[in-house]
Amino acid sequence: MALAEHAAGMNLRQFLPRMSAGIWSLSGFTFLWFIGIVVPLIGILLFSFLQTKGIKVQWDLTIKAYEKLFFYGGGPLIGRTIRIAATMTVIELLFAFPFALWLAKGAKNQNLKLITFTLLTVPFFLSPVARVIVWRSVMSVQGLVNTALLDIGIVSEPVEWLIFSEFAVHLGYLGQYFPAMVWPIFLSIALIDDEYLEASKDLGASRFRTLVHVILPLSLPGIVAGIIFSFVPMLGDTVVPQQMGGGNVMMISHNVYTMIGAANFVMAAALSAIILAIMLAFQVVLWAALRPVGGINNVFASLHR
Amino acid sequence: MTNKRIGKHHYFHLSRRHFIKGAAAGAVIMGAPAVLKGLTRTAKGAEKGTIRMLMTAPTIIPGDWKTFEAETGLKMQDTVMKDDPGLFLTEMQVNDAGDRFDIISTLAGVERPLIEGGNIIPIEHKNIPNWAGMPESIKAVPYLTRGLKPEGGTVWGTPLVMNADSFGYFPDKLGLPYPPEEVSWSLVFDDERTKGKSSTGTMFYYLEECAMYLKGSGKQQIGDPANMTPEEANKVADYMIERKKAGQFRSIHTTFDDQVQLIKNGEVLAIRCWEPAVKEAQKAGMKDFVYSNATEGYMKWMHGCYVPAQVADRGNFEEVYKALNWILSGSYAAAISPLRGYVSGRPDLGAQYAKEKGLDAAAAAAIDEAQAKLGKKFAKDLFWFTGAPDHLAEIQAATDRFVNA
């Protein structure tokens, strides 16, 4: 028996190409990544150039899905999605950077830090719907905010745009993606050696100058990661636009969902391919924006310290 | 394959022989799921005494299955998925749901591609005792005996529940009569009193309902609202976009929970919704919110039960028929009508059951009301929802155009 197992092992080893364990695991991960991520993406791209009837595929390449997409109002939808996601990424960054700086270098009370960490972590364990739906009760016409505004006498009628509006969608994104922006920035700032800040001070730099010339360049890896972790998921978010926009502020992801629900797989694939193109364009913009500071490799090189 | 180091980097030299070896290993890995699928298919065989049912709406469950289990001696394992036809058909035709379920229930109409694809098999109604006494008006619902086979008479499904959908409204706040007085669908689509205070939904059947309103009120010429051409669907979408831009809709809802929230939060005065949403609002104390009797008609729909083709191999027909018979029994009718307002395939048995078991007055009244619907709401001409119309993709795309506007 043992001999047979040994023989089987030998056969297997002979069969497989000779490589070191490291190269094997690298190849293995690359292979899994290729099968799990790249192949489905290629499939989506290919599918977007086909036609289907029910679940039957017609293997003639065509751009009809893209033509129909734009006929059925895809242009404004894509524009709205990019505009809202980009606006919110900038706003998130403006709020998150000072907060992360305070958390990493300003907050000295360990208990306060612990509570803040917990508050930043808890949202990851909650369903996105649970996180957002609470706003519906707070912002509705009979909700807390409107009741307070009416009671104080600031308004005589309930403010309707607090919910089911673009304002509401922006507000929903702010809370939803704040931790995703804060965490990477916090980590990169926390890694900055305090001696650098002391040295800057000793050399006579003002706080602002230290911020711009020391902290900001060294926290760029976190900023880049935060931008990616916020902007990209916003493009695919189905919860916030639906719950906060109430169907009045639709974004791309909802349409992908309804198209699949109606067995319109090729148009869903075409829309997904467009999301992919937006992400690629975003990477190009990011790459171009980082060129003045030595490109993306140089940005992450600042982590070697 | 050999590794070579040049400067800081490793390079691979892949010979043809190594490449073929690697490709063969890859093929084994790639092929594994197919092999596993064959093995697990055998493991998924019927567990004696258990019925596994796939359903596409939570609202068709009769509270729980205790009565079912007590009366049939069977156990029920239910799985609920969303009622989008595309998702359901993918589950049935691509993911082979028939391997895992003994009965499937879905919106009647969606079964047509399943019949064409050989995914479901005909039902021998002689094996279902409660079938015989079913009202002729229900037996005549086209989805139960679709004319896909020229010989006709083939029964493909049994009724689970059905209803005539309309909209909910606040009669007192709007100065309108209570049911059974009829009110127009214009309350949802085109009324100054509900401007900015009405809601419709994101799915294609909401467009079909608007088509029914437009046809019923003579505003547009439409053949069959349940099976529109892409041109007709786009004209209806144009109308809905115009209404949306005029500020008619407070929200375009997506789910049942959305409907309930909009009513409870005071966001709407009229909303196209499921009848259970009205029941939920009334349970929360909103007695002045009612489900309408609509002038132009209703979206009549049926959830049917179907038997996957794989049941033939598993040999548990007897248990499947027993379960289907219970769904047509007085127990199911007496549970579902008071709970949801739906009509079962045998509302008459429901009334009988209520009398025999001495159910409370409210439950008995709900069952009587469900039975009366057959003669009133269901007697209106427009229209039986088909689940999967011929131009489903285009009709949903037209609906998306309205939602995105």
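Owing to the predicted nature of the structure, the values given are computational and were not obtained by experimental measurement. Lettering follows sequence order; numbering is per chain, from 1.
In terms of heavy-atom pairs under 4.5 angstrom with chain A, the leader among B:E394, B:K82, B:R250, B:H253 is B:R250. Each of B:G196, B:S199, B:A398, B:G201 has some count of heavy-atom pairs under 4.5 Å with chain A, and the biggest count is that of B:A398. Contacts with chain A were tallied for B:I395, B:L87, B:L262, B:D258; B:D258 has the most, counting heavy-atom pairs under 4.5 Å.
Heavy-atom distances place no part of B:D257 under 4.5 Å from chain A, backbone and side chain included. Looking at B:K264, the atoms closer than 4.5 Å to chain A (heavy atoms on both sides) all sit in the backbone: N, CA, C or O. Contact of B:A237 with chain A is not made at all, since no heavy-atom distance falls under 4.5 Å. The contact between B:P85 and chain A is made by backbone and side chain atoms together, counting heavy-atom distances below 4.5 Å. Using a 4.5 Å cut-off between heavy atoms, B:E267 contacts chain A through both its backbone and its side chain.
Taking CD1 of A:I163 as the reference point, atom CG of B:N265 lies at 9.0 Å (rounded to 0.5 Å). The distance from the CE atom of A:M267 to the CG atom of B:D400 is 7.0 Å, given to the nearest 0.5 Å. Rounded to the nearest 0.5 angstrom, A:I260 CD1 and B:Q396 CD are separated by 11.5 Å.
Taking non-hydrogen atoms and a 4.5 Å limit, the residue list of residues 241-253 of chain A in contact with chain B, ordered by number, reads A:Q242, A:Q243, A:G246, A:G247, A:N248, A:M250. Of all residues in residues 149-162 of chain A, those placing a non-hydrogen atom less than 4.5 angstrom from a non-hydrogen atom of chain B are A:E160. Residues of residues 139-146 of chain A placed with any heavy atom under 4.5 Å of a heavy atom in chain B are listed by number as A:S140, A:V141, A:Q142. Among the residues in residues 62-78 of chain A, those with a non-hydrogen atom closer than 4.5 angstrom to a non-hydrogen atom of chain B are A:K68, A:F71, A:Y72, A:G73, A:L77.
Remark: the backbone N or O of B:N404 is paired with a side-chain donor or acceptor of A:R80 at under 3.5 angstrom.
Checking B:D84, B:T254, B:T202 one by one against A:Y257, the side-chain contact (heavy atoms from CB on, under 4.5 Å) holds for a single residue, B:D84.
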